[in-house]
Amino acid sequence: MPSALLPAWAPAEGRADPGSDDEAVLRAMQAGGGLRLLGLRVVIVLVLLMAAQAYDGSLHALSHWLILGLYGLGTVWFGLRERGGGPRANAYSWAGTLLNAGLAVYVIIEHMLAGGGAGLGADAVSRLPAFLLLLQTGLSMRVAQTLLFCGLVTVCWSAASLFGLFYPELFPSPDTFPTAQMTGLATFVAAGLLVVDGTTRLRAAVARALRMEHERTQLARFVPDTVALDLAGEDGDSGLGIHRRHACLMILDIRGFSRLSREHPPEAMVAALLAVRAAAQAAVSEQGGLVDKYIGDAVLVQFVIGRPDAQARAALACALSIRQRMAALNAARAREGLFTVRVVVALHAGDLLVGVFDDGVRAEYTVLGPAMNALSRIEAQAKAAEIEVAASGDFLDLFGGTLPAGIRAAPVPQAALPGLLTLFAVAAERPPSRPPPPARACRAGPDIPHLPQDAAARSAATPEPGRL
């Protein structure tokens, strides 16, 4: 296999990550809710008017009803302008928040001057605008504006209460005034904190959902949905959609492909290459793996789903399945008078960076890390040692010292690998052969020498040097 693992590029779509765009999050949360928010403004105005009339319409001067009427017109106008969009929509939204805070403060202070603490009904009516408008501002999903509303109302309410403590003669019912107002203020502060916290959490959840959906869509261009959903479900590095993952890697390479290309016509080589790829793809899909890319006559495969030990078992089963499929493929090709194809399969494991690498012009899904470089060295040494299926010691360590039944691994001491890497030849043990039938007496024929039983067994069990 070539030493460089060249990327398979795919055109990038040039879309920005919506999960990182605060305005995109806001648009997603408010999608389809413009009319409902506008309707809520109208309902709140009607509730305030009815509550004021039910409390005692004669208590309020004409200015009170005038202010409520102007507020109703103003909030609906701001809502319409904000819903219309455009560059000034955000400014109209802030202006509407200031209008809400002004009305809440006006009603509270007016009630203090008119009869603060005189009765539970009156107190409830005076505090109703503050709580209703707090809810409306929170439903706009703008955390900063909700904080502004809560801050303005809290500061003005607190200042008015302190003023009443120093000048009690300005306020009716001085005995009940401080307690009633402090209780109402504390309740409003607690409600404001809950609304701000809930809005913040909801925005964060929506931002994460948008990021996951965007990343899943990006990954779905390259990988199956199961892999895309699994990767998108965890946090990536720096919002780039790149994940640190343990993965088991497998590479399949055709032996002597250059020599075969010189000996056979291109059409025959293309047919053989496609047959090998089809066999590899079938084995990989069967074990839940992922073909990362085709690199010339090589196939790079990764197993990134599940626990490391599960990845290793799936990768090993895939490698042995490829060996069986290649044996069947070569038998079929031999019957048709075609040349046979030999492959080498190398297995390795390690921590990698997995995801879609997008530079804004082109994008590719791949894995990066030292394990990729080690895989290339392992494959080269396996090809030099004439090994069909090779695995690194790091890969075999994932089995906890016990390989699946019927699988054996023999070390290859002559392998030249960097660092602490070791190479093993992996194969499925052959089932024990049936005992030969009893010898029949022959009238004539040459004497045939026989090996001792134990020597014959050792000869059958010992592979040729460098072979399985």
Side-chain angles (χ1 to χ4, degrees), residues 40-41 44-45 47-49 51-52 54-56 59-61 63-72 74-75 78 91 93-203:
L40 179 61
R41 291 174 184 264
I44 288 177
V45 171
V47 169
L48 293 178
L49 291 172
Y55 162 57
D56 187 355
L59 177 66
H60 302 292
S63 60
H64 177 86
W65 300 102
L66 180 62
I67 289 176
L68 282 181
L70 291 176
Y71 168 79
T75 189
F78 282 130
S93 177
W94 282 98
T97 300
L98 293 175
L99 183 64
N100 289 343
L103 177 68
V105 170
Y106 164 75
V107 175
I108 290 172
I109 295 179
E110 185 207 32
H111 175 66
M112 289 183 183
L113 295 173
L120 294 178
D123 290 340
V125 169
S126 71
R127 296 164 190 168
L128 182 63
F131 287 93
L132 283 179
L133 297 173
L134 169 64
L135 179 61
Q136 176 192 318
T137 308
L139 290 176
S140 70
M141 299 303 166
R142 293 181 170 92
V143 178
Q145 293 183 21
T146 307
L147 283 172
L148 175 64
F149 177 86
C150 292
L152 288 176
V153 174
T154 300
V155 170
C156 294
W157 197 341
S158 301
S161 300
L162 290 175
F163 192 79
L165 291 177
F166 287 105
Y167 301 96
E169 66 276 5
L170 298 179
F171 297 90
S173 305
D175 295 335
T176 59
F177 167 75
T179 303
Q181 293 305 321
M182 290 300 106
T183 301
L185 176 60
T187 304
F188 176 79
V189 171
L193 291 176
L194 288 175
V195 171
V196 170
D197 180 68
T199 303
T200 303
R201 290 175 180 270
L202 183 58
R203 284 181 67 97

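Computed from heavy atoms alone, side chains included, the values below leave out hydrogens, waters and symmetry copies.
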Nearest-0.5 Å distance that lies between atom CG in Leu135 and atom CG in Asn100: 11.0 Å
- prompt: What are the two closest heavy atoms between Ala144 and Trp94, and how far apart are they?
  reply: CB-CH2, 3.8 Å
query: Which value, rounded to the nearest 0.5 Å, describes the distance between Leu162 atom CG and Met182 atom CE?
result: 6.0 Å
field: Whether Trp157 and Phe188 hold their rings parallel, tilted or perpendicular, with breakpoints at 30° and 60°
entry: tilted
field: Ala91: side chain to side chain contact (heavy atoms under 4.5 Å, CB included) partners, not counting sequence neighbours
entry: none
Anything under 3.5 Å between a donor and an acceptor, one on a side chain of residues 146-153, the other on a protein residue two or more places apart or in another chain? List them.
from   : atom 1 : to     : atom 2 : distance (Å)
Thr146 : OG1    : Thr137 : O      : 3.4
Thr146 : OG1    : Arg142 : O      : 2.8

message: Testing the basics here: between Thr183 and Thr187, what is the closest heavy-atom pair and its distance to 0.1 Å?
response: O-OG1, 2.8 Å
task: Not counting sequence neighbours, list each pair that qualifies as a salt bridge (Lys or Arg N to Asp or Glu O under 4.0 Å) and has a residue in residues 182-197.
output: Asp197-Arg201
task: Please identify each residue that fulfils side chain to side chain contact (heavy atoms under 4.5 Å, CB included) with Val155, with sequence neighbours left out.
output: none
- line: All heavy atoms of Leu185 vs all of Ser158, minimum pair found to be CD2-OG, 3.2 Å
- request: Return the minimal non-hydrogen interatomic distance between Ala130 and Ile108, and the atom names on each side.
  value: CB-CD1, 4.1 Å
